[in-house]
Protein chains: 2
Amino acid sequence: MADIPLTSELLSLIAERFKALAEPARLNILNALREDEKTVSQLMEETSLGQANVSKHLQLLHGLGFVDRRKEGLYVYYRLADPAVFQLCDIMCGRLVEEARERNELFSAR
Amino acid sequence: MADIPLTSELLSLIAERFKALAEPARLNILNALREDEKTVSQLMEETSLGQANVSKHLQLLHGLGFVDRRKEGLYVYYRLADPAVFQLCDIMCGRLVEEARERNELFSAR
DNA sequence: CAACTACATTACCATTCGGTTGCACATTAT
DNA sequence: ATAATGTGCAACCGAATGGTAATGTAGTTG
């Protein structure tokens with residue numbers, strides 16, 4: 001983990017970032033943004049979440065630098081700012097995907 | 001993120017694993033286990049956490065497969081079971097470490 | 001101007017979660 | 001057997017968190 005002392009402050013900062021990804025709703029939003037930048041309304045449709053809910057999650061992700069925004073007229077477009085997110089998910093899946101694939105419980109027929 | 005459909009169930013499973021790392025106390029424990037396997041008592045000393053607290057965190061980490069245990073006499077030795085944890089932290093640090101290094105706020109003099 | 005739309009913000013509620021206390025269980029020592 | 005030690009576990013409490021409803025705000029349209 002680099003050659004840097006893991007002070008309790010640094011551990012808290014790392015934990016804070018993990019916490020942002022520790023929520024299905026936010027992972028869902030980030031995954032929707034993987035394809036393209038999207039407005040809050042579009043994200044509401046794709047994720048089936050309420051407006052205030054999506055907005056709140058986006059504020060959190062924006063505050064931590066996971067997403068950027070761009071206002072255009074009446075709409076606000078959000079886009080990924082940290083592609084490492086999916087690298088993290090891939091690693092996190094790892095054995096998870098293996099197990100799931102074997103059990104064939106979570107995926108549609110392939 | 002692999003070529004696998006991200007069902008809501010899978011998103012929940014991924015989020016659950018991120019949540020395990022979204023806590024300074026657990027990151028502290030995992031980091032202590034990086035050097036070597038250790039007993040609950042040793043982990044209590046290194047992390048300055050209460051006994052029941054350490055035990056509870058270890059149960060959670062064990063349930064998700066992040067750590068393994070080995071009972072020897074009166075002691076229980078815990079060890080890392082998923083080295084990917086630190087790979088995740090490294091990535092998660094990324095820009096975080098950069099920013100911190102520049103501000104020189106979080107690290108002792110180097 | 002007023003009406004409408006897209007989004008942000010606040011307040012509130014229900015749930016979750018980290019930490020502690022107390023107790024139970026297993027193992028070792030006397 | 002009794003005492004002492006290491007650990008697990010249930011119950012509880014206060015704080016944090018996700019979701020929602022209501023309200024505010026900026027920008028557009030008529």
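Side chains included, hydrogens not; waters and symmetry mates left out as well; all remaining heavy atoms used. Predicted, not measured: the structure shown is a model, and the values here were computed from it. Every chain is numbered from 1 and lettered A, B, ... according to where its sequence line falls, protein lines coming before strand lines.
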Exercise for review: Write down the distance between OH (Tyr78(B)) and P (dT7(D)), rounded to a whole number of angstrom.
Suggested key: 9 Å

Check your understanding: For the pair made of CD in Glu23(A) and C1' in dT17(D), what is the distance, rounded to whole Å?
Key -> 8 Å

Point to revise | Heavy-atom side-chain proximity of Leu43(B) to Asn28(B) below 4.5 angstrom | key: no

**Study point:** Distance test, side-chain N/O of Thr39(A) to OP1/OP2 of dA6(C), below 4.0 Å
**Key:** no

Practice item. Verify the contact: side-chain N or O of Ser55(A) to OP1 or OP2 of dT9(C), cut-off strictly under 4.0 Å; return yes or no. Key: no

Exercise for review: Please report, rounded to the nearest Å, how far the P atom of dC17(C) is from the CZ atom of Arg26(B).
Suggested key: 9 Å

Check your understanding: If we only count heavy atoms from C-beta on, is the Phe86(A) to Leu80(A) side-chain gap below 4.5 Å?
Key -> yes

Practice item. Using a cut-off of strictly less than 4.0 Å, decide whether Lys71(A) has a side-chain nitrogen or oxygen near OP1 or OP2 of dA6(C). Key: no

Point to revise | Within one Ile-Leu-Val-Met-Phe-Trp-Tyr cluster: Val76(B) and Ile29(B), side-chain cutoff 4.5 Å | key: yes

Check your understanding: Starting at the 5' end of DNA chain C and moving along, which residue's nearest nucleotide shows up first, Glu72(B) or Leu58(A)?
Key -> Leu58(A)

**Study point:** Polar side-chain contact Gln51(B)-dG8(D) base: donor and acceptor under 3.5 Å
**Key:** yes

Check your understanding: Under 4.0 Å between a side-chain N/O of His57(B) and OP1 or OP2 of dG19(C), yes or no?
Key -> yes

Check your understanding: Phe18(A) CZ to dT17(D) C1': how many Å, rounded?
Key -> 19 Å

Study note, to complete from the structure: Separation of dA14(C) atom C1' from Asn53(A) atom CG, nearest Å, is 14 Å

Point to revise | Set of residues satisfying salt bridge (charged side-chain N to carboxylate O under 4.0 Å, His left out) with respect to Glu45(B), sequence neighbours excluded | key: none

Check your understanding: How close or far is atom P of dA15(D) from atom NZ of Lys19(A), stated in whole angstroms?
Key -> 15 Å

Exercise for review: To the nearest Å, give me how far apart CD (Gln59(A)) and C1' (dT25(D)) are.
Suggested key: 14 Å

Check your understanding: In whole angstrom, what separates Arg69(A)'s CZ from dA8(C)'s C1'?
Key -> 9 Å

Practice item. Establish whether the base of dG8(D) is bridged to the side chain of Lys56(B) by a donor-acceptor pair shorter than 3.5 Å. Key: no

Review point. Name the one of Glu23(A), Arg26(A), His62(A) that satisfies side-chain hydrogen bond (donor to acceptor under 3.5 Å, both in side chains) with His57(A)?
Key: Arg26(A)

